[in-house]
2 protein chains.
Amino acid sequence: MNELEDFLALKDRFIPQLSVDCVIFGFHNQQLKVLLLKLKNLDLWALPGGYVEQSEGIDDAAQRILEERTGLRDIYLEQFRVFGSADRSTKEFIQKIMEVHHPESMNDPWVLQRYVSIGYYALVDFSKVNPTPDFLSEYCEWFEMKQLPKLAFDHREIIQKALETLRITLDSKLVGSNLLPETFTMMELQSLYETILEMPLRRNNFQRKMLSLDILERIEKLYTGAANKAPYLYRFKKS
Amino acid sequence: MNELEDFLALKDRFIPQLSVDCVIFGFHNQQLKVLLLKLKNLDLWALPGGYVEQSEGIDDAAQRILEERTGLRDIYLEQFRVFGSADRSTKEFIQKIMEVHHPESMNDPWVLQRYVSIGYYALVDFSKVNPTPDFLSEYCEWFEMKQLPKLAFDHREIIQKALETLRITLDSKLVGSNLLPETFTMMELQSLYETILEMPLRRNNFQRKMLSLDILERIEKLYTGAANKAPYLYRFKKS
DNA sequence: TTGTTATTATCTCATTATGGGACAATAATA
DNA sequence: TATTATTGTCCCATAATGAGATAATAACAA
């Protein structure tokens, strides 16, 4: 496990006791998804995360972590909350993880210290992501928000809080332009909003609202082969 | 400077390279004010701030710092953003501050390290605050938002960001109940909103809006001695 | 060719919210 | 009793939103 040794040796590169956790949202098959990592030899999943280098801004750290897990650069990223309550009970989890990988590391009190974690949420085009695990994990997979697996630390709470923030900022930020592919139908856009808000919206009023914002460009019709009127394709206007 | 030595000796009590800065808002004489500290022997002011103890939650740390500077407990507090860009240039300021107080401390690389700071804003009843400086400062005073003095670090930016957040959340949070005294007139409430939003509002529409929210209780009339109709006093409903 | 069917795109109307002016009520004073 | 400066409401035009109704149309079946 040389990687881990390297990691422990490099601890001076990072700000101690501070981590960054990223809730990466994607949208696929009318469902909101989150990218998670399966921890090696444990029946536990975790958010993509990492540490902040001494010479690195926190937003840069988040971008770096995101690029490592998705292969994408310049991702839409939003800081939403710091998780630093005294009872985050990260110790028990780190203990579990470290015991499995490298029992000797337990002698180094550094790994067992309490962490304060900065929560970011990211919006990505599902189809462009290349999920890549890190050295503590064996897989990297998308999970539907409704069916999250068993999560380490307080990561379930972090995901929940990220979604709440996303909901609140839904109509002030252009969420769609980051979660949807280049072109999409009005129904797909509506379905995205309904999924995030967890409530049905009316087709007619939703379309009126979206068109009135003057942020969409109507391209051509999409002929799906279905026996009904073909919907228009839209894209977000450039600026 | 024994206090400082104690402080340096106690560094293991705190999470390193992490600080908390509090933007404490008050409202007085129709003006929005911020509580600031005057750094000893320097022509510089700074936000009340501090470090997070190893066994302390970050919100608890903020409450502790707030209590030390204002004498108030259970203050309305909201985390709004983390400041951790690589170029926060805190070093030059810390250097300035430490040179003045304790040149020997400069040998300890700890004090010169880069910091990541969690920004909180607090809303307090101006009249109840007892401003109290900390060991690095000589005064603790209220400043009008429009006339801030020369500020250390990136504290001006932090204050600006806090105000922006306050504006955005103005109608979802009950800002008034924290910034105003127990009872107040409709005009005072409106004046608070106008000051925060930096825009004039219409008396009739503002009153209609506020009353329709069903959060205010009308008490009795306030006879000021002025030659005009006496305004009602209001208080925020309990629950 | 001509219906049929399932959607999509719009239109319309009622209801509610908001902007902005007008007016009546009233506490102290002249 | 009249005056004055505010305060509390009312009214109406306009904008935004909720909810049903109707027209357009792409593929398929008859």
Side-chain angles (χ1 to χ4, degrees), chain A residues 29-30 167-176 180-237, chain B residues 29-30 167-176 180-237:
Chain A
N29 286 339
Q30 322 287 57
R167 264 187 210 137
I168 291 168
T169 59
L170 190 53
D171 46 356
S172 63
K173 318 252 174 185
L174 260 41
V175 168
L180 292 175
E182 179 73 10
T183 63
F184 48 87
T185 63
M186 189 59 77
M187 195 53 222
E188 287 171 324
L189 183 60
Q190 178 178 341
S191 167
L192 170 62
Y193 273 69
E194 288 179 332
T195 306
I196 292 174
L197 295 172
E198 285 188 280
M199 58 159 71
L201 302 172
R202 293 175 170 272
R203 256 175 355 101
N204 50 357
N205 297 338
F206 181 79
Q207 168 138 314
R208 176 176 60 188
K209 181 79 176 177
M210 283 299 143
L211 293 181
S212 77
L213 291 177
D214 198 38
I215 52 173
L216 296 180
E217 229 173 330
R218 187 176 278 184
I219 321 290
E220 77 273 274
K221 290 195 170 189
L222 172 68
Y223 297 91
T224 58
N228 52 37
K229 185 170 177 178
Y232 285 105
L233 278 177
Y234 296 87
R235 76 158 69 99
F236 282 90
K237 283 187 181 172
Chain B
N29 285 340
Q30 320 288 58
R167 264 185 209 137
I168 291 168
T169 59
L170 189 54
D171 45 357
S172 64
K173 318 252 174 185
L174 260 42
V175 167
L180 292 175
E182 179 73 10
T183 63
F184 49 88
T185 65
M186 190 59 77
M187 194 54 222
E188 287 170 326
L189 184 60
Q190 178 178 341
S191 166
L192 170 62
Y193 275 68
E194 288 179 331
T195 307
I196 292 174
L197 295 173
E198 284 188 284
M199 59 160 71
L201 302 172
R202 296 181 167 269
R203 260 182 344 108
N204 50 358
N205 298 338
F206 180 80
Q207 168 138 307
R208 176 176 59 188
K209 180 81 176 176
M210 283 299 143
L211 292 181
S212 76
L213 291 176
D214 199 39
I215 52 175
L216 295 180
E217 228 173 332
R218 185 175 278 184
I219 321 291
E220 77 275 91
K221 290 196 170 189
L222 172 68
Y223 297 90
T224 58
N228 51 38
K229 187 170 176 178
Y232 286 105
L233 277 177
Y234 295 88
R235 75 157 70 100
F236 281 90
K237 284 187 180 172

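What's counted below: heavy atoms across the whole structure, side chains too, no hydrogens, waters or symmetry copies. Letters go in sequence order (proteins before strands), and every chain restarts at 1.
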Open item on the list: Rounded to whole Å, please give me the gap between CD in B:Glu188 and P in D:dG8.
Closed with: 11 Å
- [ ] Could you grab the distance from atom CG of A:Leu201 to atom NZ of A:Lys209, nearest 0.5 Å is fine?
- [x] 11.5 Å
Open item on the list: In whole Å, I'd like the distance from the CG atom of B:Asn204 to the P atom of C:dC23.
Closed with: 14 Å
Open item on the list: Can you tell me how far apart CG (B:Leu216) and NZ (B:Lys237) are? Round to the nearest 0.5 Å.
Closed with: 8.0 Å
Open item on the list: I need the CG-P distance between B:Leu211 and C:dA17, as an integer number of Å.
Closed with: 14 Å
Task: Five-pair end axes of the helix from C:dT1-D:dA30 to C:dA30-D:dT1, angle between them (10°) - done: 30°
Open item on the list: If I take atom CE from residue A:Met210 and atom CD from residue A:Gln190, how far apart are they, to the nearest 0.5 angstrom?
Closed with: 9.0 Å
Open item on the list: Testing the basics here: between A:Arg218 and A:Tyr232, what is the closest heavy-atom pair and its distance to 0.1 Å?
Closed with: NH1-CE1, 3.3 Å
Task: Any donor-acceptor N/O pair under 3.5 Å between C:dG21 base and B:Arg202 side chain - done: no
Task: Check: B:Arg208 side chain, C:dG19 base, donor-acceptor under 3.5 Å - done: yes
- [ ] State the CD1-OH distance between B:Ile219 and B:Tyr234, to the nearest 0.5 angstrom.
- [x] 10.0 Å
Open item on the list: Without decimals, in angstroms, what is the distance between A:Phe206 CZ and D:dA16 C1'?
Closed with: 16 Å
TODO: Can you figure out which of D:dG8, C:dT7, C:dT8 approaches the side chain of A:Asn228 most closely?
DONE: C:dT7
Task: Distance (rounded to the nearest 0.5 Å) between A:Leu233 CG and A:Glu188 CD - done: 8.0 Å
Open item on the list: Taking side-chain contact (heavy atoms from CB on, under 4.5 Å) as the criterion, tell me which of B:Thr195, B:Ile196, B:Leu189 meets it with B:Tyr193.
Closed with: B:Leu189
Open item on the list: Between C1' on C:dC23 and NZ on B:Lys229, what's the gap in Å once rounded to a whole number?
Closed with: 11 Å
Open item on the list: How many whole angstroms separate atom CG of B:Leu216 from atom P of D:dG8?
Closed with: 12 Å
- [ ] Indicate whether OP1 or OP2 belonging to C:dT18 is found under 4.0 Å from a side-chain N or O atom of B:Lys209.
- [x] yes
Open item on the list: Whole angstroms only, please: what is the CG-C1' distance between B:Leu213 and C:dA17?
Closed with: 12 Å
- [ ] Map B:Tyr234 and A:Ala230 onto DNA chain D by nearest heavy atom, then report which one ends up closer to the 5' terminus.
- [x] B:Tyr234
Task: Any A:Gln207 side-chain N or O less than 4.0 Å from OP1/OP2 of C:dT10 - done: yes
- [ ] Take atom CG of A:Leu233 and atom C1' of C:dA9, then tell me their distance rounded to the nearest Å.
- [x] 15 Å
